[in-house]
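These numbers come from the heavy atoms of this one structure, side chains and all, not from hydrogens, waters or symmetry mates.
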Amino acid sequence: MAIQLDRSFTYRLHLLAKVSDYESHKSYLDEIGLSLSEARCLATVGTFEPMSVMDLADKGNLNKGQASRAAQILVDKGLIRKKEHPSDGRGVTLGLTAAGKKLWDKTMALIDARNRHIVSCLNKDEQATLSQLLDRLLQHNIGE
């Protein structure tokens, strides 16, 4: 018997990601005035700074164009600063400004609340098991 699409892992994972992105986008706009890609950019830079735009795209799950546009919007808003890359004269590194750090704290609180809501139907043991299983799946599929 063929697999039912709506019961496949990838279908359900994509659906959960879509719902999460939709709810996150609404929350970011309402609470911190940023779009989904801008908030992802801010969260990623604040977590992994200093970083290049290519690193931002990779770690922020954005394509290079989205990462570059979102970073520039955040630079224009005074939330991210660009510096010359120390070893690549053509490149830049991104980091948070003081205002960016304050908004990063709020952004991370929204991300934490969203994550807690997503798994709130699971008890603590189930949440721990799910986390371990996700780590194994990531290790198996991308080696992280």
Side-chain angles (χ1 to χ4, degrees), residues 2-122 126-144:
I3 187 169
Q4 293 179 307
L5 178 63
D6 62 346
R7 296 302 308 149
S8 71
F9 175 77
T10 52
Y11 181 89
R12 292 183 292 160
L13 186 63
H14 180 73
L15 182 59
L16 184 59
K18 225 170 126 174
V19 169
S20 177
D21 281 354
Y22 176 78
E23 293 298 325
S24 295
H25 181 72
K26 284 189 337 186
S27 178
Y28 295 147
L29 283 176
D30 292 345
E31 302 291 328
I32 60 173
L34 297 179
S35 71
L36 180 63
S37 59
E38 292 163 6
R40 275 191 183 153
C41 179
L42 185 76
T44 304
V45 170
T47 301
F48 301 105
E49 68 181 320
M51 64 188 325
S52 69
V53 174
M54 288 302 292
D55 292 337
L56 171 59
D58 180 51
K59 296 235 184 247
N61 295 312
L62 301 164
N63 67 45
K64 187 178 182 245
Q66 289 173 313
S68 182
R69 283 188 299 279
Q72 188 57 53
I73 289 168
L74 297 176
V75 166
D76 294 344
K77 290 182 178 187
L79 301 171
I80 287 182
R81 61 174 160 62
K82 285 184 182 180
K83 284 184 175 178
E84 284 188 28
H85 195 282
S87 61
D88 179 2
R90 297 174 298 151
V92 296
T93 59
L94 305 170
L96 295 182
T97 64
K101 172 67 172 122
K102 287 180 184 176
L103 198 58
W104 179 82
D105 289 336
K106 291 179 184 178
T107 303
M108 296 309 292
L110 290 173
I111 290 169
D112 182 51
R114 183 78 195 121
N115 279 279
R116 280 187 282 110
H117 174 75
I118 288 169
V119 299
S120 64
C121 63
L122 305 175
E126 291 169 330
Q127 290 177 29
T129 299
L130 177 61
S131 181
Q132 292 166 353
L133 292 172
L134 286 172
D135 287 344
R136 280 180 53 196
L137 288 169
L138 288 168
Q139 174 64 39
H140 173 73
N141 286 281
I142 60 176
E144 287 192 3

Chi angles and distances behind the side-chain contact (heavy atoms from CB on, under 4.5 Å) call for Leu137, Phe9 = CA-CA 12 Å; Leu137 288 169; Phe9 175 77; 3.9 Å; yes
Pair Ile73-Ser35, side-chain contact (heavy atoms from CB on, under 4.5 Å): steps then yes or no = CA-CA 10 Å; Ile73 289 168; Ser35 71; over 6 Å; no
What's the verdict on side-chain contact (heavy atoms from CB on, under 4.5 Å) for Leu42 and Leu96, showing C-alpha distance, side-chain angles and the deciding distance?
-> CA-CA 8 Å; Leu42 185 76; Leu96 295 182; 3.6 Å; yes
Pairing residues for Arg116 by the side chain to side chain donor-acceptor pair (under 3.5 Å) criterion, not counting sequence neighbours | Asp112
Say whether, by atom type as modelled, one donor and one acceptor occur between the side chain of Ser120 and the main chain of His117 under 3.5 angstrom.
-> yes
Within the side chain of Glu23, is there an N or O that forms a donor-acceptor pair under 3.5 Å with the backbone of Arg114?
-> no
Non-neighbouring partners of Ala67 that pass side chain to side chain contact (heavy atoms under 4.5 Å, CB included), sequence neighbours left out = Val53, Leu56, Ala57, Leu62
Candidate pair Glu38 and Leu79, rule side-chain contact (heavy atoms from CB on, under 4.5 Å), full reasoning = CA-CA 10 Å; Glu38 292 163 6; Leu79 301 171; over 6 Å; no
Leu94 versus Leu74: any side-chain heavy-atom pair under 4.5 Å?
-> no
Take atom CE of Met108 as the centre, draw a 6.0 Å sphere, and report whether it contains more than 12 heavy atoms from other residues, nucleotides or ligands.
-> yes
Ala39 to Ile32 - nearest heavy-atom pair and separation = CB-CD1, 4.3 Å
Ser68 side chain vs Gly65 backbone, donor-acceptor pair below 3.5 Å | no
What pair of heavy atoms forms the shortest contact from Thr97 to Gly78, and how long is it?
-> OG1-O, 2.5 Å
Can you pull the side-chain hydrogen bond (donor to acceptor under 3.5 Å, both in side chains) pairs that have at least one residue in residues 72-81, sequence neighbours excluded?
-> Gln72-Asp76, Gln72-Lys82
Which residue pairs satisfy the side-chain hydrogen bond (donor to acceptor under 3.5 Å, both in side chains) criterion with at least one member in residues 25-34, sequence neighbours excluded?
-> none
Mark yes or no for whether Gln127, through its side chain, and Val119, through its backbone, hold a donor-acceptor pair below 3.5 Å.
-> yes
Side chain to side chain donor-acceptor pair (under 3.5 Å) filter on Asp21, not counting sequence neighbours, yields Arg40
Over all atoms of both residues, closest heavy-atom pair of Ser8 and Ile3 = CB-CD1, 3.7 Å
Under the salt bridge (charged side-chain N to carboxylate O under 4.0 Å, His left out) test, which residues partner Lys101, sequence neighbours left out?
-> Asp105
Under the criterion side chain to side chain contact (heavy atoms under 4.5 Å, CB included), which of Leu29, Val19, Leu36 is the partner of Ser24?
-> Leu36
